[in-house]
Each structure stands twice: as C-alpha cells, then as structure tokens.
Amino acid sequence: MRHYPGDDIGVFLAVCDSGNFTAAAALLGLTPSAVTKAIRRLENRLKTPLFTRTTRQQTITAEGVTYRDACRTARNEVERVETLLASITAEPAGQLAVSVPPLLGAHVVTPALLTLCQQWPQLSISVSASVEMADLFDGSVDLAVRVGELPDAAGIVAKKLGTQRIVLCGTPGYFAHSPPLHGIDDLHHHTLIGTLKEGYAAPWHFQLADKTHRVLTPDSRLLLDGALLTVNAIKAGYGLGRVPYCWLACWTRSLPDIWRFMPYGGQHR
C-alpha cells in the first residue's frame, strides 16, 4: 500500500485493516514508531482515543469505529473521483455525436474530426449534417457547429470558432453574356440566385472597401435552400450567387478557371 507523507488518516485505516500497529507499519513501509506517532497525532487532534492499547494488542474504541467508517467513506469517494479524473485526462474515449452544416461540415469540420479519430482510437464519432437549430435542443447531439446567430436559450453553451467569409461569384461563361459589373448597384441588371429563408429571399449584406455596409434583397426568380444548391446553380452558369469562401477556395484549387470573384461579400459568424 502506498503511503503519502503526512497521511495520518491513511495510517489509521491501515491499522484498522491489518489489526495492529506492527502489521500496519510493514504494510506501509514505515517503522512501528512512525505508526504510533501518526495515531497519537490524530487522537490529540480529535481529543479522543481511537484505540485501547495493551502490551499484547490494540483494540479500536467505539469512537474509533465511528471515525473509521467516516474516513473510509470519504477516502473511497476521493479515490473514485481521482480515478475518474485520471481517465478523463489520459485519453478521450466514448461516443461523440456531432451535427454540422453540410458544406462547412464536409470541407472544414469533418476533416478535423477524422484527425481526432486517428489520434484517439478510443473515441467514436458520429456526424450528421443539418442547419436546424432545433437539433440543439432535442438531446440527439453532444456538439453542434452552426453558422449565424444562435438563439438565447438555457442549456446551450456556445463558443465562437471564427468568422466565415461569404463571396459573390459567377462563372466566366455567365459574365461573357452579361452586363458589366462594377459595383453593387449594377447587380440590378444581373440574374441573381437568392437564398431561401422562411419562404422569402434572404437579404445580402455587403461590407465595402471603406468598411461601410450595404444591404440588398435580391430580386430572384430562383431561391435555393443551402449553399450546395447555390454552388451547383452558379456552376451551371445560371447567374450570380453568394457562397462560403472556405468551400469555394477548395474548389478553385482544382478548377481555377471556373469562378470569378466579386470584391464584395459578407461575413457569417
């Protein structure tokens, strides 16, 4: 049994378990004198005898029994918590349910989760794709990544991971047959791909070079729910749309000629 210096309660419990001071000393790697001194310190502090001593044996007193039971319960709880903390800090383990937005999840979050799985073999991760805020409240996920403002609700602990840049873009083929585009006001002469939000076109927020902001609600005949549908429409040359830069940057590395970026966009947190 391991003994920590100054652990008089541990010495007391060892005497209770082994039956006498000499056996407790051998168990702890101490001298019988050290065991006697530890018990004496406890008795002086408690102002009550814990053992009745004779030349042949030591018998625990009624007060000693009460103190023993309380110390053993407390010691077992401390050891349980120490074991739990050691298992937590040693290595992540168990099942983790994660919910991510489809595009951001596919190109940013999921690759990081794959790295975690490779680094920690005791960790199992299940990933679902969703943009619904309701998923945060039904208990089906442990961790969720969302873009935009979160509802103010009890039980939700949020941490900002970063700022997502939104870019306006189109294909060279579209621009070859469309009016010139020099600024936001020229967008009224273009075919715009809107984002569906609660049955209507979501407004576009722009941050200009001088740090001022403009808001434009696109007059769109095509409203799409989600960046993936918007990307496909842009690739088809239908018109101009806004998509996350993180996804677009990945795509243009493999197809550098397919996109033309506009010098305005926006940010989602």
> Between Leu113 and Gln118, does a side-chain contact (heavy atoms from CB on, under 4.5 Å) hold up when you go through it step by step?
Replying inline: CA-CA 9 Å; Leu113 295 177; Gln118 293 171 338; over 6 Å; no
>> Determine whether Trp204 and Ile184 satisfy the following criterion, side-chain contact (heavy atoms from CB on, under 4.5 Å), listing intermediate values before the conclusion.
In response: CA-CA 11 Å; Trp204 288 359; Ile184 293 178; over 6 Å; no
> To the nearest 0.5 Å, how far apart are CD in Glu63 and OG1 in Thr48?
Replying inline: 4.0 Å
>> Go through it in stages, so that I can follow the logic: the residues are Leu224 and Thr195, the test is side-chain contact (heavy atoms from CB on, under 4.5 Å), and I'd like the CA-CA distance, side-chain angles, deciding distance and then a yes or no.
In response: CA-CA 5 Å; Leu224 302 177; Thr195 301; over 6 Å; no
>> Does Arg40 form a salt bridge (Lys or Arg N to Asp or Glu O under 4.0 Å) with Asp8? I'd like the steps, not just the answer.
In response: CA-CA 9 Å; Arg40 186 175 296 124; Asp8 292 345; over 6 Å; no
>> Is there a side-chain contact between Ile9 and Leu42 in this structure, where contact means two heavy atoms from C-beta onward sitting under 4.5 Å apart?
In response: yes
> Would you find a donor on one side and an acceptor on the other, under 3.5 Å apart, between the side chain of His190 and the backbone of Pro179?
Replying inline: yes
> Would you say Leu196 and Val231 are hydrophobically clustered, going by side-chain heavy atoms of ILVMFWY under 4.5 Å?
Replying inline: no
>> Could you check whether Arg80 pairs with Glu77 (Lys NZ or Arg NE/NH1/NH2 to Asp/Glu carboxylate O, under 4.0 Å)?
In response: yes
> Which atom pair, heavy atoms only, marks the closest approach of Cys16 to Phe51?
Replying inline: SG-CZ, 4.1 Å
>> I'd like to know if the side chain of Thr217 and the backbone of Pro203 have a donor-acceptor N/O pair within less than 3.5 Å.
In response: no
>> Quick check: is Leu222 connected to Tyr200 through a chain of hydrophobic side chains (ILVMFWY, heavy atoms under 4.5 Å apart)?
In response: no
> Are Tyr174 and Tyr238 near enough that their ring centres are under 6.0 Å apart?
Replying inline: no
> Roughly how far, to the nearest 0.5 Å, is NE2 of His188 from CG of Asp219?
Replying inline: 9.0 Å
> After noting the C-alpha distance and the side-chain angles of Ile166 and Val243, does the key distance pass the side-chain contact (heavy atoms from CB on, under 4.5 Å) rule?
Replying inline: CA-CA 6 Å; Ile166 306 298; Val243 294; over 6 Å; no
> Do Leu114 and Val127 share a hydrophobic cluster (ILVMFWY, side-chain heavy atoms under 4.5 Å, transitive)?
Replying inline: no
> What's the spacing between Leu46 CG and Tyr67 OH if we round to 0.5 Å?
Replying inline: 5.0 Å
> Of the non-hydrogen atoms in Pro92 and Gln122, which two are nearest, and what is the gap between them?
Replying inline: O-CB, 3.8 Å
> Can you name the one residue among Leu181, Ile234, Thr191 that meets side-chain contact (heavy atoms from CB on, under 4.5 Å) with Leu240?
Replying inline: Leu181
>> Does this structure show an ion pair linking Arg75 with Asp7, if we count only N-O contacts that are shorter than 4.0 Å?
In response: yes
> Which value, rounded to the nearest 0.5 Å, describes the distance between Ser18 atom OG and Leu27 atom CG?
Replying inline: 6.5 Å
>> I need the minimum non-hydrogen distance between Pro218 and Gly194, along with the two atoms involved.
In response: CG-CA, 4.4 Å
>> Checking the side chain of Thr171 only, and the main-chain atoms of Lys235 only, is there a donor and an acceptor separated by less than 3.5 Å?
In response: no
> Using 4.0 Å as the upper bound for N to carboxylate O, is an ion pair formed by Arg68 and Asp17?
Replying inline: no
> Given the rule that I, L, V, M, F, W and Y join up when any side-chain heavy atoms are under 4.5 Å apart, are Leu223 and Leu187 in one cluster?
Replying inline: no
> Does Arg53 count as lying over the ring of Phe21, i.e. NZ or CZ under 6.0 Å from the six-ring centre, within 45 degrees of the axis?
Replying inline: no
>> Using the side-chain contact (heavy atoms from CB on, under 4.5 Å) definition, which of the options Leu85, Thr83, Val78 pairs with Val81?
In response: Leu85
> Where do Asp185 and His189 come nearest, in terms of heavy atoms and distance?
Replying inline: O-CD2, 4.5 Å
>> Main chain of Gly105, side chain of Thr110: is a donor-acceptor contact present, judged purely on distance under 3.5 Å?
In response: yes
> Between Leu96 and Leu116, is there a shared hydrophobic cluster once you connect ILVMFWY residues whose side-chain heavy atoms come closer than 4.5 Å?
Replying inline: yes
> Do side-chain atoms of Arg146 reach the backbone of Ser130 as a donor and acceptor pair under 3.5 angstrom?
Replying inline: yes
> Between Thr61 and Pro49, what is the shortest heavy-atom contact and its length?
Replying inline: OG1-O, 2.9 Å
>> If you compare all heavy atoms of Val15 against all heavy atoms of Ala24, which two are closest, and at what distance to 0.1 Å?
In response: CG2-CB, 3.6 Å
> Looking at Leu192, Leu168, Ile193, Thr230, which one forms a side-chain contact (heavy atoms from CB on, under 4.5 Å) with Arg242?
Replying inline: Leu168
> Would the number of heavy atoms belonging to other residues, nucleotides or ligands and lying under 6.0 Å from CG of Asp142 be above 12?
Replying inline: yes
> So, the side chain of Asp186 versus the backbone of Gly183: is there a donor-acceptor pair under 3.5 Å, distance only?
Replying inline: yes
